[in-house]
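Comments concern the structure below.
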Protein chains: 2
Amino acid sequence: MEGRSAEISKAAFLRFPVYLRYLKAEEAAGVEYVSSSEIAEDMHLSAVCVRKDLALVASEPGKPRLGFAVKKLICDLERTLGYHRKTHACVVGAGRLGRAFLVYEGFEHYGIDVVAAFDISPAQVGALSGKPIYPMERLKEIAEREEVRLGILTVPGDAAQAACDAMVEAGITAILSFAPAYVRVPEGVTLRCEDLAASLASLISEAEENN
Amino acid sequence: MEGRSAEISKAAFLRFPVYLRYLKAEEAAGVEYVSSSEIAEDMHLSAVCVRKDLALVASEPGKPRLGFAVKKLICDLERTLGYHRKTHACVVGAGRLGRAFLVYEGFEHYGIDVVAAFDISPAQVGALSGKPIYPMERLKEIAEREEVRLGILTVPGDAAQAACDAMVEAGITAILSFAPAYVRVPEGVTLRCEDLAASLASLISEAEENN
DNA sequence: CTCGAATCGATATTTTTTTATCGATTTCTA
DNA sequence: TAGAAATCGATAAAAAAATATCGATTCGAG
């Protein structure tokens with residue numbers, strides 16, 4: 001789209017948010033310049049890897065002996081990651097996890113606005129911290145009206161496929177699923193599954209290897 | 001540790017939980033045998049990749065013309081992923097997200113037992129669905145008593161480092177952090193950061209590329 | 001003002017991961 | 001019972017990613 005994006009490797013793209021976090025911590029500590037080697041040491045990466053990654057995003061080259069300007073780098077990373085554009089999102093499944101997402105304020109900095117939640121149970125319908133919770137029947141109507149393109153799926157496993165189908169039907173093109181189930185989506189819809197339990201389990205394996 | 005584990009590539013290990021999900025769905029649908037090519041097509045992977053992955057975990061070779069026995073494969077995957085052993089976990093930060101983890105029942109199948117939550121605010125102390133919520137001061141005492149090795153960090157960003165330090169001090173060796181902050185851990189402690197907002201944002205980028 | 005130390009960025013190499021090719025095996029059908 | 005179809009598993013090739021090496025640049029100390 002912007003010419004350069006295709007050149008950024010998938011693995012590097014996953015590291016960008018981590019750099020961003022790190023840099024914001026440095027900025028808060030009053031640091032103005034930071035070098036690849038410093039970042040590498042703190043983040044347990046190779047210095048060359050960091051330099052290559054930063055070269056992909058930095059709008060101006062790093063200065064020898066000094067490194068990169070922290071503030072500038074933060075802007076570049078946020079732009080590359082697309083945090084400047086606004087996207088409307090909704091939560092499907094207003095259980096504990098879904099409600100946590102609905103009211104979480106951290107999404108704003110990432111250009112994401114969670115506008116509503118939906119649930120099949122009338123008991124959940126209402127509002128939370130000013131965010132509305134609608135019955136599932138109104139998903140399509142509201143998603144279209146609010147131009148919701150992103151959906152967060154937090155329903156029980158056995159309801160996942162049906163809920164997912166409803167989201168697709170409502171015009172949602174990107175779905176982040178926390179439902180413990182295998183779901184299918186048609187071509188043109190991007191699905192990512194975050195299996196929190198599996199993620200935890202793999203973390204244990206990793207920790208055991210590290211001893 | 002078990003001789004073979006070192007040969008399993010990191011990328012493959014990340015695919016295993018997805019296979020497991022898929023296979024369980026197939027099992028539920030009454031399927032007995034499944035071939036690499038079928039899995040590949042459904043999961044949008046290459047058939048060769050699937051075969052190589054399955055060869056890493058399968059205790060018995062697949063049968064030509066039939067494929068792999070679904071039930072057997074599920075067992076093999078669960079064993080490889082370590083879902084058979086029990087690990088005690090705790091939640092640090094009993095906000096909405098933390099409480100969702102505390103009562104989530106899906107961890108059991110993965111060998112994880114969330115035994116308690118901790119929070120700095122006395123208002124949160126109590127219990128939820130039979131799971132106790134203790135004040136932070138008791139973290140070390142209880143973590144040691146219950147042999148908690150895994151911690152789920154769900155505190156606000158500005159409290160993350162302090163909470164993390166307390167977890168390390170309490171003998172926790174693996175930490176899954178959802179706190180929106182960059183935290184440091186000493187050598188020997190495994191940290192994984194799940195940035196939900198960043199994950200969502202990257203999903204948007206991915207979806208836009210797919211158009 | 002000059003020298004030295006430390007960083008950057010580019011090129012090259014190694015390692016890892018994914019994909020392709022091919023013969024062997026086995027089940028199903030005729 | 002015999003042949004065809006489709007899968008497996010192993011070896012080989014290609015692609016991707018991480019790591020190493022080296023000259024060029026520039027800030028800061030003397």
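To find a chain, count down the sequence lines: A is the first, B the second, and so on, and within it residues start at 1.
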For A:K52 and A:L66, find the nucleotide of DNA chain C closest to each by heavy atoms; which residue's nucleotide sits nearer the 5' end?
A:L66
So, is A:S35 near the phosphate of C:dC8, with a side-chain N or O under 4.0 Å from OP1 or OP2?
no
Taking atom C1' of C:dC8 as reference, at what distance in whole Å does atom CD of A:E60 sit?
14 Å
Which residue, B:S36 or A:P64, contacts DNA chain D at a nucleotide closer to its 5' end, judged by nearest heavy atom?
B:S36
Side-chain donor/acceptor of A:S177 to backbone N/O of A:A179, under 3.5 Å:
yes
If you look at every strand shown and take non-hydrogen atoms under 4.0 Å, does A:K10 touch a base, only sugar-phosphate, or nothing?
sugar-phosphate
Does B:Y33 reach a base, just sugar-phosphate, or nothing at all? Heavy atoms under 4.0 Å.
nothing
B:L56 CG to D:dG9 C1': how many Å, rounded?
12 Å
Rounded to whole Å, the NE2-C1' distance (B:H44 to C:dT18) equals 18 Å
When rounded to whole Å, the CD to P distance for the pair A:E41 and C:dT7 reads 10 Å
Rounded to the Å, how far apart are B:I39 CD1 and D:dT7 C1'?
12 Å
Rounded to whole Å, the CG-C1' distance (B:L14 to C:dT17) equals 13 Å
Tell me whether the OP1 or OP2 atom of C:dC28 has a side-chain N or O from B:R65 closer than 4.0 Å.
no
Look at the aromatic rings of A:Y104 and A:F107 and report parallel, tilted or perpendicular, splitting at 30° and 60°.
perpendicular
Quickly work out the A:D53 CG to C:dG9 C1' distance and round it to whole Å.
14 Å
Under the side chain to side chain contact (heavy atoms under 4.5 Å, CB included) criterion, do A:D195 and A:C193 qualify, and how do the steps go?
CA-CA 6 Å; A:D195 191 331; A:C193 295; 5.9 Å; no
Contacts satisfying salt bridge (Lys or Arg N to Asp or Glu O under 4.0 Å) that involve residues 92-114 of chain A (not counting sequence neighbours) are none
side-chain hydrogen bond (donor to acceptor under 3.5 Å, both in side chains) partner of B:E78, chosen from B:H109, B:K24, B:H84:
B:K24
Can you tell me if the side-chain N/O atoms of B:R51 get under 4.0 Å from OP1 or OP2 in D:dC8?
yes
Roughly how many Å is it from CZ in A:R15 to C1' in D:dT19, rounded to a whole number?
12 Å
Reckon B:S46 has a side-chain N or O less than 4.0 Å from the OP1 or OP2 of C:dA20?
no
A:V48 side-chain proximity, nearest of D:dA18, D:dG9, D:dT21
D:dT21
